[in-house]
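Take a look at the structure below.
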Amino acid sequence: QLQEATANMTRVSEEQFNGIKTIQSFVAEKNEINKYNGAIRQIFKVGKDAAFINGKFFTTASLIGDLSFLIVLSYGSYLVLGNQLSIGDLTAYMLYTEYTGNAVFGLSTFYSELMQGAGAATRLFELTDKEVKIPSTIGKQKFLPMKPNGGCEIEFKDVSFAYPTRPGNQIFNKLNFKIEAGSNVCIVGPSGRGKSTIALLLLHYYNPTSGDIIIDGQALNDLNTKSLRRKIGIVQQEPTLMSGTIRDNITYGLTYTPSKEEIRSVAKQCFCHNFITKFPDTYDTVIGPHGASLSGGQRQRIAIARALIKKPNILILDEATSALDVESEGAINYTFGQIMKSKSMTIVSIAHRLSTIRRSENIIVLGHDGSVVEMGKFKDLFQDPNSELSKLLNEKSSRNDKKSDTSAANTVIGTSQTTSESISKNDTSGTDIQTEQTEAEKEIQIDAIDENAIEEVVKDVTEESKPIKIMR
């Protein structure tokens, strides 16, 4: 119990330190202090109970030992008085008794400490004894891409899947699709319908409930997991950076030591060289736990550089540019476009933003039932108003239209009541419609800005501190 209480206190304190800005933003300091106070009080309660138990145990043991010594001494004195035992023999016997009692008392102390250690090691034993369902290296064949410097072909065959903790919630049901080697594919669909789960399955964090996942003709379940993951790069929507320097994070997981030029080159590709050189220690800048000293966009660009320096055969982008501004996103998209032309990687994008979807060659649309409802080229699907992709992209616009109609209706009702209320509601309605139109126009124009960004001067610098101009 003491170990569990201590672990809970450590978890609470770590969570509070990592989320200090969120706590301050919501003015929840009092709640968190009470939570930490509760964890401390739980440790105090468990410790107090343990102290009482130990006190009773050792007091009882000491009392029994002392009473035994007095009883033996009394009986020995009686024998000495009856000339049945000499004083020397009694003295020797009492010394042996004292040594034996101290040894027994020491064994009791050792037993108490042994039980404390066993309680602390219980969780470790649970982890070490836990059966690993997906072994990383044992009994698996090494993954060998058909083209060492090219993309891999990916195929899902009748894949069904549900998370082990939620077996009743079916994510995929007979999922079938094929991604050609070196192609650029975007997976879209409603929220919570398994887009990110595809990335987890490709990285072999889970086994499908049924069906097969084939990569370059090799079944995923037959592959060495570590050798597979070395060939896959992933950039997540909220990337996790490790405490250390920027250089350590860019080269994270590499089996060799890259040169400074290689690190600088990939940093320029991801347009993070400029802000890195502004730090006093440049690439040796310590960024703190989880990259706390960097902005969201900076963390995302470093995560992209970390994925690209691996030179993976498969690159998974899970909303990889969601934290970037329009200029930076356009520049990063240009880098991805160059990779797509070289066909050195198979790019699998997971996105909701129109700019990311338009960048992809092929689109895979997932349905609410966990199956593929549509596949094809972006232009063909986007131009077809009856396609599932068009319906998905226009769903937000439809909601905006409904809001506009509701606002207009409210304006008419307000007019029938009073003139002042009508004017107020008309102004509010007009503002809402303009805001919604502006948001829709921004989303549609992202791709146009994306193209224009290619010709613009990117805000980055070379070793000579000269700006770089990206040309087609």
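For reference, positions follow the sequence shown, starting with 1.
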| field | Pairing of Lys311 and Glu262 as salt bridge, 4.0 angstrom limit | value | yes
| remark: Between Phe378 and Ser360 the two heavy atoms that sit nearest each other are CB-O, 4.0 Å
| query | Counting only N and O atoms by type, is there a donor-acceptor contact under 3.5 Å from the side chain of Glu32 to the main-chain atoms of Gln16? | reply | no
| message | With a 3.5 Å distance limit and no angle check, can you tell me whether Thr282 reaches the backbone of Phe279 through a side-chain donor-acceptor pair? | response | no
| task | Answer yes or no: is there a donor N or O on one side and an acceptor on the other, between the side chain of Ser183 and the main chain of Ile179, under 3.5 Å? | result | no
| query | Can Ser196 and Asp318 be counted as having a side-chain donor-acceptor contact under 3.5 angstrom? | reply | yes
| Exam field: side chain Arg301 to backbone Phe271, donor-acceptor pair closer than 3.5 Å | yes
| request: Give a yes or no on whether the backbone of Ile214 and the side-chain of Asp212 come within a donor-acceptor separation of less than 3.5 Å. | output: no
| Main-chain N/O of Gly189 paired to Lys195 side chain as donor or acceptor, under 3.5 Å | yes
| request: Show your working on side chain to side chain contact (heavy atoms under 4.5 Å, CB included) between Phe172 and Ser210 and close with a plain yes or no. | output: CA-CA 10 Å; Phe172 297 136; Ser210 63; over 6 Å; no
| query | Backbone N or O of Lys147 within a donor-acceptor pair of the Asn313 side chain at under 3.5 Å? | reply | yes
| Is the CZ atom of Phe125 crowded by more than 12 outside heavy atoms at less than 6.0 Å? | no
| query | Out of Leu220, Val185, Leu202, which one pairs with Ile154 under the side chain to side chain contact (heavy atoms under 4.5 Å, CB included) rule? | reply | Leu202
| query | Do you know which two heavy atoms are closest between Cys152 and Phe143, and how far apart they sit? | reply | SG-CZ, 3.9 Å
| Do Arg11 and Glu14 meet the salt-bridge criterion of a basic N to acidic O distance under 4.0 Å? | no
| task | Check Gln218 against Pro145 and note the closest heavy-atom contact, atom names and distance. | result | NE2-N, 4.5 Å
| request: Cation-pi check, Arg229 to Tyr205: give yes when NZ or CZ is under 6.0 Å from the six-membered ring centre and within 45° of the ring axis, no otherwise. | output: yes
| said: Please check this pair: side chain of Asp384 against backbone of Asp380, looking for a donor-acceptor N/O pair closer than 3.5 Å. | reply: no
| Sole candidate of Asn176, Val365, Leu366, Ile187 that passes side chain to side chain contact (heavy atoms under 4.5 Å, CB included) when paired with Val372 | Leu366
| Any chance CE of Met146 has more than 12 other-residue heavy atoms, nucleotides or ligands included, within less than 6.0 Å? | no
| When you look at Asn207 and Asn221, which way does the side chain to side chain contact (heavy atoms under 4.5 Å, CB included) test go after all the steps? | CA-CA 7 Å; Asn207 284 323; Asn221 291 340; 3.0 Å; yes
| field | Carboxylate-amine/guanidinium proximity below 4.0 Å for Lys178 and Glu153 | value | yes
| message | Between Asp158 (side chain only) and Lys174 (backbone N and O only), is there a donor and an acceptor less than 3.5 Å apart? | response | no
| query | Which heavy atom in Ala307 sits nearest to a heavy atom in Leu315, and how many Å separate them? | reply | CB-CD1, 3.9 Å
| query | Heavy-atom count around Arg247 CZ within 6.0 Å, excluding the residue itself: above 12? | reply | yes
| task | Test side chain to side chain contact (heavy atoms under 4.5 Å, CB included) on Phe177 and Glu155 and set out the steps. | result | CA-CA 6 Å; Phe177 64 81; Glu155 184 175 4; over 6 Å; no
| Short question: side chain of Asn249, backbone of Thr245 - any donor-acceptor pair under 3.5 Å? | yes
| task | May I ask you to decide if the ring planes of His273 and Tyr283 are parallel, tilted or perpendicular, using 30° and 60° as cut-offs? | result | tilted
| query | Can you list the steps and then say if Met345 with Leu308 is a side chain to side chain contact (heavy atoms under 4.5 Å, CB included)? | reply | CA-CA 10 Å; Met345 303 177 192; Leu308 291 183; 4.0 Å; yes
| message | Taking OH in Tyr163 as the centre, count heavy atoms belonging to other residues, nucleotides or ligands within less than 6.0 Å. Is the count above 12? | response | yes
